[in-house]
Amino acid sequence: MRLLSRKATCNTHGQDSSYFLGWQEYEKNPYDEIKNSTGIIQMGLAENQLSFDLLESWLANNPDAAGFKKDGQSIFRELALFQDYHGLPEFKKALVEFMAEIRGNKVSFDQNKIVLTAGATSANETLMFCLAEPGDAFLLPTPYYPGLSKDLGLPGFRVGAIYSNDDMVVSAATKMSSFGLVSSQTQYLLSALLSDKKFTRNYISENQKRLKQRKKLLVKGLEKAGISCLKSNSGLFCWVNMKHLLSSNTFTEEMELWKKIVHEVKLNISPGSSCHCTEPGWFRVCFANMSEETLNLAIQRLKSFVESMNNQSHHKMLKSSRRKSLTKWVFRLSFDHDHREPEER
């Protein structure tokens with residue numbers, strides 16, 4: 001008797017992709033500047049750790065928010081009980097105002113049109129459940145990786161949202177959101193943080209500046225290694241072109257190159273195939289989830305690897321060229337011998 005459904009036992013789950021396999025290899029041998037300097041550097045995780053100091057400073061200056069207090073009085077019991085699954089009004093108001101501020105206040109959002117979910121994955125699942133019938137399909141451009149902008153660098157807080165101008169979608173999604181709610185404690189903390197306009201304006205400006213500088217560091221470093229990146233203007237990673245390092249233009253060779261980079265170079269990056277890229281040789285490389293020193297080390301490792309690959313390729317070409325020259329020489333000698341005049345033999 002089969003206990004699990006076909007969906008549960010199929011082998012197409014993301015957990016079986018190279019994205020998660022690389023993560024597993026990293027966890028076996030994680031890089032640490034002091035304890036394990038030869039370990040694997042995690043470059044496959046789109047996290048923003050560049051502005052934690054700004055968040056930590058705010059928390060230190062606003063102890064009531066982190067201590068679940070309001071006007072100096074504890075509201076722990078209130079937050080510990082069941083809440084309306086529509087979400088805390090204060091948080092939804094602060095969230096839509098933050099969404100507008102990120103976009104330069106060129107557009108406004110209505111808090112009654114937003115549905116809170118426990119992360120982007122939950123938001124995607126909720127939308128699909130509300131919109132699709134069995135057998136329907138969603139058309140997605142590739143490459144892709146499910147997720148929303150991780151603006152505050154707090155993916156572990158598990159906060160996502162659906163925004164729609166369709167009242168029917170909002171109503172249905174709100175009902176479904178009861179299966180993946182954001183905790184009341186998280187909503188309260190973030191509502192206080194996002195309501196601090198002075199903080200959010202400074203955070204957005206400084207965070208964008210830091211991301212831009214870090215991306216520039218990676219792009220320039222890869223250029224020196226002979227590797228180009230697709231031009232972009234946002235994000236926590238670069239789309240990196242390593243086609244010239246493939247021995248053949250196939251996804252099989254892409255996986256072979258990826259294995260070398262993980263096991264020999266000790267860098268966990270994501271092959272394009274794990275993001276459903278249609279061309280082999282592209283890789284997703286994250287740059288905001290580590291220190292500048294660690295990123296420089298990762299770039300140096302990759303540069304050394306490329307130089308080694310180029311030397312091997314050059315050696316093979318020389319060897320092949322010598323073999324061809326020797327073959328031509330032997331053939332010429334044989335030809336001359338066979339065509340000498342009889343008296344010369």
Side-chain angles (χ1 to χ4, degrees), residues 5-27 40-48 117-151 155 158 160-162 180 215 218-219 222 227-263 265 267-289 298 302:
S5 69
R6 286 192 296 272
K7 286 184 179 180
T9 55
C10 72
N11 60 3
T12 58
H13 190 274
Q15 191 71 36
D16 302 317
S17 75
S18 51
Y19 172 83
F20 287 102
L21 293 177
W23 201 341
Q24 290 170 12
E25 290 302 312
Y26 163 76
E27 290 180 339
I40 297 175
I41 296 175
Q42 175 63 287
M43 304 186 81
L45 196 57
E47 287 182 340
N48 180 12
T117 63
T121 301
S122 179
N124 286 329
E125 183 181 36
T126 299
L127 269 181
M128 292 177 182
F129 189 93
C130 292
L131 300 177
E133 296 289 352
D136 285 351
F138 288 87
L139 186 62
L140 299 175
T142 60
Y144 75 89
Y145 181 79
L148 300 179
S149 175
K150 303 175 182 180
D151 298 297
R158 308 307 302 152
I162 297 170
K215 177 200 167 187
L218 175 63
V219 172
L222 291 179
I227 298 174
S228 62
C229 298
L230 194 68
K231 290 184 178 181
S232 61
N233 58 9
S234 64
L236 305 177
F237 52 83
C238 286
W239 199 237
V240 178
N241 186 355
M242 298 193 199
K243 292 181 179 180
H244 61 293
L245 299 179
L246 301 180
S247 58
S248 63
N249 191 36
T250 65
F251 285 109
T252 299
E253 286 304 315
E254 177 184 277
M255 288 303 297
E256 290 303 313
L257 177 60
W258 172 75
K259 290 175 184 177
K260 287 182 180 179
I261 294 175
V262 172
H263 296 290
V265 189
L267 301 178
N268 177 36
I269 62 177
S270 303
S273 55
S274 69
C275 301
H276 304 275
C277 182
T278 57
E279 298 177 9
W282 290 93
F283 291 81
R284 190 186 81 152
V285 180
C286 301
F287 55 78
N289 63 325
L302 197 54

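Residue indices begin at 1 and follow the sequence shown. The figures that follow rest on heavy atoms only: side chains count, while hydrogens, waters and symmetry mates do not.
Within the structure, salt bridge (Lys or Arg N to Asp or Glu O under 4.0 Å) pairs that include any residue of residues 229-240 do not occur (at least two apart or interchain). Residues in residues 117-140 take part in no salt bridge (Lys or Arg N to Asp or Glu O under 4.0 Å) pair, two or more places apart or across chains.
Between Phe283 and Glu254, some side-chain heavy-atom pair lies under the 4.5 Å cut-off. Contact of the Leu236 side chain with the Cys286 side chain is not registered, since no non-hydrogen atoms from C-beta on lie closer than 4.5 Å. Here the side chains of Ile269 and Met242 are in contact, with some heavy-atom distance below 4.5 Å. The shortest distance between side-chain heavy atoms of Trp282 and Asn241 falls below 4.5 Å.
Evaluation of the ring pair (Phe, Tyr, Trp, His ring centres under 6.0 Å) rule for His244 yields no partner, not counting sequence neighbours. Residues meeting the side chain to side chain donor-acceptor pair (under 3.5 Å) test with Ser247, sequence neighbours left out: Glu253. Partners of Phe287 by side chain to side chain contact (heavy atoms under 4.5 Å, CB included), not counting sequence neighbours, listed by chain and number: Leu211, Arg214, Lys215, Leu218, Cys238, Leu295. Not counting sequence neighbours, the partners of Met255 by the side chain to side chain contact (heavy atoms under 4.5 Å, CB included) test are Ser18, Trp258, Pro271, Ser273. The side chain to side chain donor-acceptor pair (under 3.5 Å) test applied to Ser228 returns no partner, not counting sequence neighbours. Residues forming a side chain to side chain contact (heavy atoms under 4.5 Å, CB included) with Thr278 (at least two apart in sequence, or on another chain): Thr142. Under the side chain to side chain contact (heavy atoms under 4.5 Å, CB included) criterion, Glu27 pairs with Trp23, not counting sequence neighbours. Among residues two or more places apart in sequence or in another chain, the side chain to side chain donor-acceptor pair (under 3.5 Å) test is passed with Asn289 by none. Considering only residues two or more places apart in sequence or on other chains, Glu279 meets the salt bridge (Lys or Arg N to Asp or Glu O under 4.0 Å) condition with Lys243. For Ser122, there are no side chain to side chain donor-acceptor pair (under 3.5 Å) partners, not counting sequence neighbours.
When every heavy atom of Cys275 is checked against every heavy atom of Trp239, the shortest pair comes out as CB-CH2, 4.1 Å. The shortest heavy-atom contact between Gly22 and Asn268 is CA-OD1, 3.3 Å. When all heavy atoms are compared, the tightest approach of Cys229 to Leu222 is SG-CD1, 3.5 Å. Heavy atoms only, all atoms of each residue included: Ala123 and Thr117 are closest at CB-OG1, 3.4 Å. Residues Leu302 and Val265 approach most closely at N-CG1, 4.1 Å, considering heavy atoms.
Atom CD1 of Ile261 sits about 12.0 Å away from atom CD1 of Ile40, to the nearest 0.5 Å. With rounding to the nearest 0.5 angstrom, the CZ atom of Phe251 is 6.0 Å from the SG atom of Cys277.
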